[in-house]
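Since this is a predicted model, take the numbers as computed values, not measurements.
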Amino acid sequence: MDGTKMAGHLIRRLHQQSMQVFQTQTQAAGFDLTSVQFAALNAIAIHPDIDQASLATTISFDRATIGGVIDRLERKGLVQRVVSAQDRRARLLHLTHEGEQLLAACLPVVKALQADILGMLSPAESEVFLSLARKALGLA
């Protein structure tokens with residue numbers, strides 16, 4: 001079967017393209033973040049004091065491995081974990097001052113690179129693609 005007619009194959013290829021564009025452009029701008037680390041920082045900024053399990057759900061990431069992502073962000077001094085007063089098992093997350101500064105500096109680069117991910121599409125086609133992708137994911 002021709003892979004170019006298979007949704008899974010095309011989605012995988014788009015994912016590879018997205019990851020490559022993200023890494024190339026953020027590294028060129030001097031940022032040492034993966035796309036998952038960026039997503040985590042952005043979600044924590046939007047939802048201060050979110051717990052790790054909720055963060056994993058928010059960014060659609062595996063709950064079993066989100067701890068490792070947070071460990072790396074914590075080692076970089078970007079995120080701080082605090083034990084919840086309501087549930088001692090829960091770790092609440094918030095950005096450090098350094099995390100806030102990095103996110104603020106990185107956001108314009110990440111916003112700008114979005115067009116490059118779908119660079120072969122016109123702006124109108126990109127909007128249709130995004131709308132269909134949200135619908136396929138049940139987000140529309």
Quick one: [atom1] on [X] to [atom2] on [Y], what's the gap to the nearest 0.5 Å?
X      : Y      : atom1 : atom2 : value
Arg88  : Gln86  : CZ    : CD    : 10.5 Å
Leu118 : Leu130 : CG    : CG    : 6.0 Å
His97  : Gln80  : NE2   : CD    : 14.0 Å
Ile44  : Glu100 : CD1   : CD    : 11.0 Å
Ser18  : Asp116 : OG    : CG    : 11.0 Å

Any idea which heavy atoms bring [X] and [Y] closest together, and the distance?
X      : Y     : value
Gly77  : Thr96 : O-OG1, 2.5 Å
Ile66  : Arg63 : CG2-O, 3.4 Å
Arg81  : Glu74 : NH2-OE1, 3.0 Å
Leu103 : Leu41 : CD2-O, 3.8 Å

Of Leu102, Leu73, Val79, the one forming a side chain to side chain contact (heavy atoms under 4.5 Å, CB included) with Leu95 is Val79
When Gln20, Arg13, Met19 are each screened for side chain to side chain contact (heavy atoms under 4.5 Å, CB included) with Gln16, the one that passes is Arg13
Members sharing Leu137's hydrophobic cluster, built from side-chain contacts under 4.5 Å between Ile, Leu, Val, Met, Phe, Trp and Tyr, are Leu139
Hey, are the side chains of [X] and [Y] touching, using non-hydrogen atoms and a 4.5 Å cut-off?
X     : Y      : result
Ile11 : Met6   : no
Asp32 : Gln27  : no
Val21 : Ile117 : yes

>> Does Arg134, at its CZ atom, have more than 12 non-hydrogen atoms belonging to other residues, nucleotides or ligands within less than 6.0 Å?
In response: yes
*Neighbour count above 12 (heavy atom, 6.0 Å) for His9 NE2*: yes
Exercise for the section: With side-chain contact (heavy atoms from CB on, under 4.5 Å) as the test, would you mind laying out the steps for Phe22 and Phe38 before giving the verdict? Expected result: CA-CA 10 Å; Phe22 183 92; Phe38 171 79; 3.7 Å; yes
For Ala43, the side-chain contact (heavy atoms from CB on, under 4.5 Å) test, sequence neighbours excluded, returns Leu55, Thr58, Ile59
(message) Strictly distance-based, threshold 3.5 Å: is any side-chain N or O of Glu127 a donor or acceptor partner for the main-chain N or O of Pro123?
(response) no
Is there a side-chain contact (heavy atoms from CB on, under 4.5 Å) between Val69 and Thr65? Walk through the geometry before answering. CA-CA 7 Å; Val69 173; Thr65 55; 5.8 Å; no
With sequence neighbours left out, the residues meeting side chain to side chain donor-acceptor pair (under 3.5 Å) with Asp51 are Ser54
Should Leu33 and Leu107 be counted in the same cluster of Ile, Leu, Val, Met, Phe, Trp and Tyr side chains packed under 4.5 Å apart? yes
(message) Is there a side-chain contact (heavy atoms from CB on, under 4.5 Å) between Thr24 and Leu113? Walk through the geometry before answering.
(response) CA-CA 10 Å; Thr24 300; Leu113 67 81; over 6 Å; no
In sequence, state the C-alpha distance, the side-chain angles, and the governing distance for Glu98 and Lys76, and then conclude on side-chain contact (heavy atoms from CB on, under 4.5 Å).
CA-CA 9 Å; Glu98 292 81 6; Lys76 290 179 180 184; over 6 Å; no
